[in-house]
Amino acid sequence: MFSLEKKDGITSARAGVLRTAHGEIQTPVFMPVGTGATVKGVFHRDLKREIDAPVILANTYHLYLRPGTDIIKKAGGVHRFMSWDRAVLTDSGGYQVFSLAANRKLTEEGAIFRSHIDGSKHLFTPEGVIDIQRAIGADIIMAFDECAPYPCDHAYAKKSMELTHRWLDRCVAQMGSTEPLYGTEQMLFPIVQGSVYGDLRKISAEKCAASGMPGNAIGGLSVGEPAEQMYEMIETVNEILPEEKPRYLMGVGTPANLLEGIARGIDMFDCVMPTRNGRNGMMFTSEGTINIRNQRWAEDFSPIDAGSHSEISRTYSKAYLRHLVISGEMLGAQIATIHNLAFYLSLVREARERILDGTFGPWKEETVRKISVRV
RNA sequence: GGGGAGAUACCAAAGUGGCCAACUGGGGCAGACUGUAAAUCUGUUGUCUGAUGACUUCGUAGGUUCGAAUCCUGCUCUCCCCA
């Protein structure tokens with residue numbers, strides 16, 4: 001259940017609240033990625049206190065392979081399994097159709113995967129993916145789609161989108177004929193595809209809007225196309241997607257991508273960047289992006305981010321974090337991840353405040369300029 | 001005191017007449033990463049140069065040779081074994 005609280009006067013930004021069985025999500029929001037039922041290296045305590053994430057992602061494909069759907073079912077769903085009482089969103093495995101392209105085969109029926117763990121064969125169908133997500137028990141679940149690669153010609157993009165639409169119908173039907181396993185409401189979000197083609201994106205947005213689901217997602221972007229092209233597609237799609245339902249831009253992105261997305265009417269984001277890039281030494285700060293492994297931070301004993309509300313960002317110095325990351329110490333990856341996520345979450349929280357107090361437009365322009373710098 | 005082995009770039013370690021500015025690993029430096037097969041991957045690492053290329057290197061001082069990290073001699077240093 002989503003309520004729109006306020007729309008920005010200048011941009012298409014909005015502030016809202018999405019109510020789930022596991023708490024309210026104030027939007028715009030960034031959702032940390034926790035593919036295998038863990039945001040790598042981060043305790044729930046810190047996800048709540050330092051980062052204050054109201055919702056995290058998990059992945060259907062990964063959890064299906066390990067630990068397996070049965071174990072999650074026996075645990076009583078993913079929330080109880082991982083002892084996380086806030087909201088969870090599961091991706092359907094559609095992205096793995098793209099990222100594991102070498103290990104899968106697409107048919108009308110679904111996608112046959114070769115497990116990246118042991119090479120075993122598995123068939124993912126729209127119905128099966130809904131069933132697995134019922135078993136996982138996430139609050140928001142995603143339709144099974146094909147995330148088309150980039151570049152991708154119009155003919156393929158169209159064919160792929162049409163397949164995704166037929167799969168969507170099957171997902172919606174399966175949702176209608178099944179019930180949540182743990183008594184908590186689950187919302188299915190369809191996914192707009194159509195690559196970088198405006199005509200296809202329009203058709204796909206119409207299709208998703210017509211499905212009547214409680215929220216909509218935009219997929220197949222930030223797969224290599226220029227950012228401007230992504231922004232154009234967002235604008236095209238958001239003209240069609242219903243205003244009174246949340247819009248989720250999947251897999252995006254950089255801090256600047258987030259603000260540009262919000263300005264175009266996006267409410268929800270997720271991305272591995274703050275976590276994976278953090279583990280690899282890239283830090284996002286209000287002054288821009290830094291590579292903490294660079295020599296220039298070796299003797300910089302100032303805090304990672306003095307102005308952060310996160311105690312971890314305020315406590316540890318750049319020089320110390322650099323030492324940890326370079327030494328391959330696990331604490332380095334943890335601090336980097338927590339800092340980056342805290343930065344992302346506080347960025348979207350500030351965006352929300354700016355929308356609510358009517359200062360989003362100019363703030364966004366200035367902030368995008370500042371955070372896009374490579375320090 | 002006697003016998004033996006060895007000194008190669010930041011470290012370790014190949015190389016035993018030309019294909020060697022020198023394998024490889026580590027370390028250093030830099031880059032990539034967007035619904036996570038990623039605590040991963042890539043590049044680079046004598047000096048100068050945009051590149052071609054030029055120049056100085058393999059303990060040290062000489063020598064042999066068209067040509068030496070590689071062969072010979074002196075010196076210096078290190079390590080091992082026996083007493």
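Atom set for the values below is all heavy atoms of this structure, side chains included, hydrogens, waters and symmetry mates excluded. Chain letters run A, B, ... following the sequence lines, proteins first, then strands; residues in each count from 1.
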Who are the side-chain hydrogen bond (donor to acceptor under 3.5 Å, both in side chains) partners of A:N257, not counting sequence neighbours? A:Y231, A:T254
If [N] has a Watson-Crick or G-U wobble mate with both distances under 3.5 Å, name it; if not, just say none.
{"N": "B:G1", "answer": "B:C82"}
{"N": "B:G67", "answer": "none"}
{"N": "B:A39", "answer": "none"}

Take atom [atom1] in [N] and the same atom in [M], then report the distance between them in whole Å.
{"N": "B:G25", "M": "B:G15", "atom1": "C1'", "answer": "16 Å"}
{"N": "B:U70", "M": "B:U8", "atom1": "P", "answer": "13 Å"}
{"N": "B:U64", "M": "B:A9", "atom1": "P", "answer": "27 Å"}
{"N": "B:A22", "M": "B:G53", "atom1": "P", "answer": "12 Å"}
{"N": "B:U42", "M": "B:C33", "atom1": "C1'", "answer": "11 Å"}
{"N": "B:C19", "M": "B:C55", "atom1": "P", "answer": "16 Å"}
{"N": "B:C10", "M": "B:C58", "atom1": "C1'", "answer": "15 Å"}
{"N": "B:G46", "M": "B:C20", "atom1": "P", "answer": "15 Å"}

By the 4.0 Å heavy-atom rule, please label [X] as base, sugar-phosphate, or nothing.
{"X": "A:Q334", "value": "nothing"}
{"X": "A:N257", "value": "base"}
{"X": "A:S115", "value": "nothing"}
{"X": "A:N280", "value": "base"}
{"X": "A:Q193", "value": "base"}
{"X": "A:N59", "value": "sugar-phosphate"}
{"X": "A:G220", "value": "base"}
{"X": "A:I326", "value": "sugar-phosphate"}

Any idea how A:Y320 and A:Y316 line up, ring-wise: parallel (<30°), tilted (30 to 60°), or perpendicular (>60°)? parallel
Any idea how A:F144 and A:F124 line up, ring-wise: parallel (<30°), tilted (30 to 60°), or perpendicular (>60°)? tilted
Sole residue of A:K7, A:R247, A:R14, A:K245 in salt bridge (charged side-chain N to carboxylate O under 4.0 Å, His left out) with A:D267: A:R14
Apart from A:I112 itself, residues in the same hydrophobic cluster as defined by side-chain heavy atoms under 4.5 Å: A:L123
Which ones in residues 41-53 of chain A lie close to RNA chain B, meaning a heavy atom under 4.0 Å from one of its atoms? none
Would you call A:R134-A:E179 a salt bridge at under 4.0 Å N-O? no
Would A:D85 and A:K48 pass as an ion pair if we require N to O under 4.0 Å? yes
Could you list where the contact with chain A starts and ends along RNA chain B, reading 5' to 3', using a 4.0 Å heavy-atom cut-off? B:G28 to B:U40
The answer to which of A:L57 and A:R374 contacts RNA chain B further toward the 5' end, by nearest nucleotide, is A:R374
Where each residue is assigned the nucleotide of RNA chain B containing its nearest heavy atom, which of A:F98 and A:A333 is assigned the position nearer the 5′ end? A:F98
Scan for ring-ring contact (aromatic ring centres under 6.0 Å, His included) pairs involving residues 330-353 of chain A, sequence neighbours excluded, and state none if there are none. A:F30-A:Y344, A:F284-A:Y344
List in chain and number order the residues that pass side-chain contact (heavy atoms from CB on, under 4.5 Å) with A:H116, two or more places apart in sequence or in another chain; answer none if no residue qualifies. A:Y61, A:H62, A:L65
Heavy atoms only: give me the nearest A:T69-A:A135 pair and the separation to one decimal. CG2-CB, 3.3 Å
Begin with the C-alpha distance, continue with both residues' side-chain angles, and end with the deciding distance and a verdict on side-chain contact (heavy atoms from CB on, under 4.5 Å) for A:E5 and A:R352. CA-CA 10 Å; A:E5 290 173 292; A:R352 177 183 161 83; 2.7 Å; yes
